[in-house]
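Structure, as structure tokens:
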Amino acid sequence: MAAFLRQHDKGVEFALADFNVLGRSPDASIRLQDGGVSRQHATIRRDGNLYWVSDLGSANGSFVNDVAVTTARALRHGDRIQIGTCLFTFETDDESQGEPQPSGSTGMLHTVALPVKTGKATLFVGDLRNFTSLSAQLPAEEVAAMLREWYAQCEQVLKTRGAIIDKFIGDGVFAYWAGDGMDARAMATEAARLLSSDDTSGMPLREKLKTERGLQVHCNIGLNVGEVALGAMGRGVNTAVGEAVNVTFRIESLTRKLQVSVLASAAFLDGWSDGQALYRPLGIHEVKGQPEPVEVYALNDS
């Protein structure tokens, strides 16, 4: 499926590749000469028949149909994208995705009932540590190459262990296993250990950054189990949502405060006797946006 960004006021059209960096950097895939645009501002990534836009921690944010992009968002034909003062329309050769509502429209949004089921899931959130400061030291093409390499590693590690990758979120990944069985938790733990490792075998760009520039890419991970809604939340978009997902993101953010690479909730270890030997307790901590503190455990070094 071919896709484009069309800048109508300048009569310019940009063809989208499978991975694109938008920014002010001279080597960005789509270079935007606008003072309100960061050097590496946002990415647009193709996954199957969908293109996903993610903000890269830019100073002024990215917007789709006047809504700030805070997590990866699937684009539809006709979506309006704002990067700084640059305005684009996302267009594809698959117009069946439908047109968005005009800004300020009060018309009814017609939806189709889609199958959604509620159940237990094993949840995995990974995030590249210090990505914003790291990307500021690299040309945009190297940022894109680094992300592509990391995305490929995530797909290889997670999918071969039975995980469903829900979405990539700029420099992060959210995945899950349906169910909360011991096998799923063991696979999540194994994936966490591999993705948080400093081993750069088979990752030439990461090895080059490490040896030639002294720059090391680290991945922090949060693990949890809980009740989620699983299913189609829109045409072509399948995802897991629920409070347990939010808690998992908050657990991952605690890794920085506690200075560990992998944290799991007490729920993740509950009833898993073999797994409890793999983790050590780090106490109970307040997390942003949650009324109750969470008890967390750090994955032991192998």
Test item: Glu13 side-chain N/O and Gln7 main-chain N/O as donor-acceptor pair under 3.5 Å: no
Flag side-chain contact, heavy atom, 4.5 Å: Asn246 against Gln290: yes
Exceeds 12 heavy-atom contacts within 6.0 angstrom, atom CG of Asp183: no
Under 3.5 Å: donor-acceptor pair, side chain of Ser197, backbone of Leu194: no
Lys208 bridged to Glu142 by N-O distance under 4.0 Å: no
Note, Glu149 side chain near Pro204 side chain (heavy atom, < 4.5 Å): yes
Minimum side-chain heavy-atom gap His8-Thr89 below 4.5 Å: yes
Side-chain donor/acceptor of His77 to backbone N/O of Thr92, under 3.5 Å: yes
Flag for Tyr279-Thr189: side-chain donor and acceptor within less than 3.5 Å: yes
Arg76 to Phe90 - nearest heavy-atom pair and separation: O-CD2, 3.2 Å
Verdict with reasoning, Val241 to Val228, per side-chain contact (heavy atoms from CB on, under 4.5 Å): CA-CA 6 Å; Val241 296; Val228 298; over 6 Å; no
Sub-4.5 Å side-chain heavy-atom contact between Val225 and Lys120: no
Flag, side chain of Ser265 to backbone of Phe268, donor-acceptor distance under 3.5 Å: yes
Contact summary for Ser196 and Val262, nearest pair of heavy atoms: OG-CG2, 3.6 Å
Phe174 ring center near Phe168 ring center (under 6.0 Å): no
Gln216 vs Asp198 side-chain heavy atoms within contact, under 4.5 Å: yes
Side chain Asp55, main chain Ala42, donor-acceptor under 3.5 Å: no
Charged N-O contact under 4.0 Å between Arg206 and Asp199: no
Ser29 and Asn20 side chains, donor-acceptor separation under 3.5 Å: no
Intermediate values then yes/no, side-chain hydrogen bond (donor to acceptor under 3.5 Å, both in side chains), Asp79 and Asn65: CA-CA 6 Å; Asp79 277 348; Asn65 300 332; 3.0 Å; yes
Partners meeting salt bridge (Lys or Arg N to Asp or Glu O under 4.0 Å) with Asp180 (sequence neighbours left out): none
Transitive ILVMFWY side-chain link Phe19 to Met203, under 4.5 Å: no
Linked, directly or transitively: Leu258 and Val294 (ILVMFWY side chains, under 4.5 Å): yes
Closest heavy-atom pair and its distance - Glu227, Thr118: OE2-CG2, 3.1 Å
Trp177 vs Leu158 side-chain heavy atoms within contact, under 4.5 Å: yes
Criterion side-chain contact (heavy atoms from CB on, under 4.5 Å) on Leu75 and Val64, from CA distance to verdict: CA-CA 8 Å; Leu75 294 170; Val64 175; 4.1 Å; yes
Spacing of OG1 belonging to Thr160 relative to CD belonging to Glu155, to within rounding of 0.5 Å: 11.0 Å
Test item: Ser38 side-chain N/O and Ala59 main-chain N/O as donor-acceptor pair under 3.5 Å: yes
Atom pair CD1/OG1 of Ile169 and Thr43 - distance to nearest 0.5 Å: 11.0 Å
Joint hydrophobic cluster, Ile44 plus Ile165, side-chain heavy atoms closer than 4.5 Å: no
Interatomic spacing from CG in Leu223 to CG in Leu123 - rounded to 0.5 Å: 9.0 Å
Any donor-acceptor N/O pair, Asp166 side chain to Ala175 backbone, under 3.5 Å: no
Evaluation steps, side-chain contact (heavy atoms from CB on, under 4.5 Å), between Ile251 and Val287: CA-CA 8 Å; Ile251 290 171; Val287 292; 5.6 Å; no
Nearest non-hydrogen partners of Gly61 and His41, listed with the distance: O-NE2, 2.9 Å
Salt-bridge present (Asp66, Arg80; N to O < 4.0 Å): yes
Co-membership, hydrophobic cluster, residues Ile221 and Leu282, 4.5 Å side-chain: no
Heavy-atom side-chain contact between Leu128 and Leu147 under 4.5 Å: yes
Minimum heavy-atom distance Met146-Leu209, with the two atoms named: SD-CD1, 4.0 Å
Any donor-acceptor pair under 3.5 Å from Arg250 side chain to Lys288 backbone: yes
Gap separating the CG atom of Asn220 from the OG atom of Ser261, nearest 0.5 angstrom: 5.5 Å
Distance, nearest 0.5 Å, that separates CZ of Arg39 from CG of Asp27: 7.0 Å
Least distance between heavy atoms, Gly179 atom then Ala184 atom: O-CB, 4.3 Å
Phe124 side chain near Asn224 side chain, heavy-atom distance below 4.5 Å: no
Arg73 (side chain) donor-acceptor with Ala68 (main chain) under 3.5 angstrom: no
Side-chain (Arg6) to main-chain (Glu91) donor-acceptor, under 3.5 angstrom: no
Spatial distance of atom CG (Leu87) from atom NZ (Lys10) [nearest 0.5 Å]: 10.0 Å
